[in-house]
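Data block below; observations after.
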Amino acid sequence: MELVHSGKIRDLYADGPDLLLVASDKISVYDVVLPTPIPGKGKILTQLSLWWFARLAGIVPNHVISATDIPPQWAGRAVRCRRLEMIPVECIARGYLAGLGLDSYRASGSVSGVPLPPGLAEGSKLPEPVFTPSTKATSGHDEFVTFDDVVAELGAGTASELRRITLEVYQHGAELAASRGIIIADTKLEFGWAPDRSLVLADEVLTSDSSRFWAAEDWQPGRPQRYLDKQFVRDWSSTITSWDRRPPGPPIPAEVVDATRRRYVEAYERITQEPWPED
Ligand code: Q0Z
């Protein structure tokens with residue numbers, strides 16, 4: 001099979017007219033991939049994404065063709081999908097302030113040109129979710145663009161549809177996750193055009209690799225939040241004073257790997273209310 005794109009965590013293959021999106025067990029902290037995998041992570045996040053796609057199908061069609069017509073070596077951690085013409089805008093919805101959104105708010109009081117009220121802190125809940133699109137900058141890191149920039153690039157109709165669908169997906173997902181003890185602070189969605197020019201939700205959806213998942217019981221604005229999945233790795237790595245957060249990262253000890261795997265399983269089980277079958 002032809003490798004179309006290799007990312008840090010996932011790979012994309014072409015299989016005839018289809019694409020296969022293959023998730024690995026790799027984990028990144030502070031944007032650096034560590035040398036030790038988290039066994040099962042690729043499967044857990046793939047199955048969670050598939051669960052969301054099915055749940056969200058009433059809001060937006062998606063790129064999934066099959067979760068089972070997959071070569072055996074990738075069973076459970078790959079999705080066969082329709083090849084779309086991808087839209088070069090990262091469609092981000094935020095309900096809470098963190099990461100680059102927080103940086104932008106501190107610098108300008110706004111994110112993607114959307115003004116936010118004064119007095120918000122790291123981790124604050126926003127008055128209502130906002131659409132904060134970004135584009136891949138040549139530097140590598142994403143750069144916020146305004147809604148008007150999206151209009152200029154894609155037209156008013158498409159820009160409005162992307163904003164509407166992104167906020168609807170976030171609102172629905174965040175509400176369901178909140179009822180199950182997980183705050184989805186923000187999420188990044190990717191869309192493509194089908195041959196008939198309809199908008200299709202692509203890539204992965206509402207996983208902890210495309211979103212910030214916080215344990216609701218630990219949420220406390222005014223400080224960096226604990227990540228539901230990666231906090232053990234982040235906390236442990238911050239004790240490795242010889243690591244400067246540049247590649248290569250240090251190997252992860254077995255007990256941190258196990259605790260982290262349990263958190264991925266916990267997030268899957270809390271959201272889907274189904275036991276993880278391989279636990
Ligand atoms: C997704 C990506 C990577 C995983 C292109 N249905 C689609 N049609 C066309 N293109 C894509 C998709 Cl999902 C597509 N990506 C992002 C890169 C591993 C996802 F290396 N790029």
Side-chain angles (χ1 to χ4, degrees), residues 1-28 31-34 37-38 40-57 59-71 73-93 100 133-143 145 150 153-154 158 161-162 165-166 169-170 173 186-212 229 247 264:
M1 233 167 270
E2 181 204 349
L3 182 62
V4 177
H5 195 94
S6 189
K8 281 186 186 169
I9 306 289
R10 298 175 304 150
D11 292 320
L12 197 58
Y13 290 85
D15 185 15
D18 306 340
L19 292 176
L20 289 176
L21 204 54
V22 183
S24 73
D25 289 343
K26 292 178 187 168
I27 188 170
S28 65
D31 264 344
V32 175
V33 177
L34 300 183
I38 306 297
K41 173 177 180 274
K43 280 191 183 179
I44 296 166
L45 294 193
T46 296
Q47 296 307 309
L48 180 59
S49 189
L50 287 163
W51 186 88
W52 281 119
F53 274 129
R55 277 264 169 164
L56 299 165
I59 297 176
V60 57
N62 62 66
H63 71 162
V64 177
I65 296 171
S66 174
T68 52
D69 182 9
I70 301 292
Q73 72 271 26
W74 297 328
R77 60 184 180 97
V79 176
R80 177 177 298 276
C81 49
R82 295 189 267 162
R83 189 194 276 258
L84 306 169
E85 182 188 326
M86 294 302 284
I87 293 174
V89 172
E90 320 247 273
C91 291
I92 301 169
L100 296 177
S134 73
T135 54
K136 285 250 177 294
T138 32
S139 67
H141 247 123
D142 294 359
E143 212 165 71
V145 294
V150 181
E153 176 140 342
L154 301 172
T158 299
E161 276 295 275
L162 289 174
I165 298 166
T166 299
V169 165
Y170 173 74
D186 51 38
T187 197
K188 182 186 81 179
L189 304 179
E190 301 213 31
F191 294 87
W193 301 111
D196 68 359
R197 306 311 279 174
S198 58
L199 283 175
V200 177
L201 183 58
D203 209 31
E204 63 181 330
V205 63
L206 295 170
T207 70
S208 53
D209 275 1
S210 64
S211 321
R212 286 188 174 83
D229 52 351
Y264 280 104

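The structure presented is a predicted model; accordingly, all values stated were derived computationally and were not measured. First listed ligand is number 1; within each ligand, the first listed atom is number 1.
Among Leu19, Val200, Ile9, Val4, the residue whose heavy atom sits closest to atom 7 (C) of ligand 1 is Leu19. For atom 8 (N) of ligand 1, the nearest non-hydrogen atom from the set Val22, Asp203, Leu84, Asp18 belongs to Leu84.
For atom 15 (N) of ligand 1, the closest non-hydrogen atom of the protein is Leu12 CD2, 3.8 Å. Annotation: atom 10 (N) of ligand 1 to nearest protein heavy atom, Met86 CG, 3.2 Å. At the top of the distance list for atom 18 (C) of ligand 1, counting protein heavy atoms only, stands Arg10 O, 3.5 Å.
Cation-pi geometry between Arg197 and Trp193 is met: the NZ or CZ atom falls under 6.0 Å from the ring centre, inside 45° of the normal.
Between Arg83 and ligand 1, not a single N/O pair is under 3.5 Å apart. Between Arg82 and ligand 1, at least one N/O pair is under 3.5 Å apart.
Closest approach of Ala23 and Gly42 over heavy atoms only: CB-O, 3.7 Å.
Within the model, atoms NZ of Lys188 and CG of Asp142 stand 6.0 Å from one another, a figure rounded to the nearest 0.5 Å. With rounding to the nearest 0.5 angstrom, the CZ atom of Arg83 is 13.0 Å from the NE2 atom of His63. To the nearest 0.5 Å, the span separating CG on Asp25 from CD1 on Ile9 amounts to 10.0 Å.
A salt bridge between Asp203 and Arg10 is present, with a side-chain N of the basic residue lying under 4.0 Å from a carboxylate O of the acidic one.
Those atoms of ligand 1 that come under 4.0 Å of a heavy atom in His5, given as number and element, are 3 (C), 17 (C), 20 (F). In the vicinity of Gly7, heavy-atom distances shorter than 4.0 Å reach the ligand 1 atoms 20 (F). The distance from ligand 1 to the heavy atoms of Leu21 drops below 4.0 Å at these ligand atoms: 4 (C), 19 (C).
Judged purely by distance below 3.5 Å, without hydrogens or angles, the side chains of Asp196 and Ser198 pair a donor atom with an acceptor atom.
Using 4.0 Å as the threshold, Ser6 has a heavy atom nearer than that to some atom of ligand 1.
Of the residues Asp186, Asp229, Thr187, the one that meets the side chain to side chain donor-acceptor pair (under 3.5 Å) test with Arg212 is Asp186.
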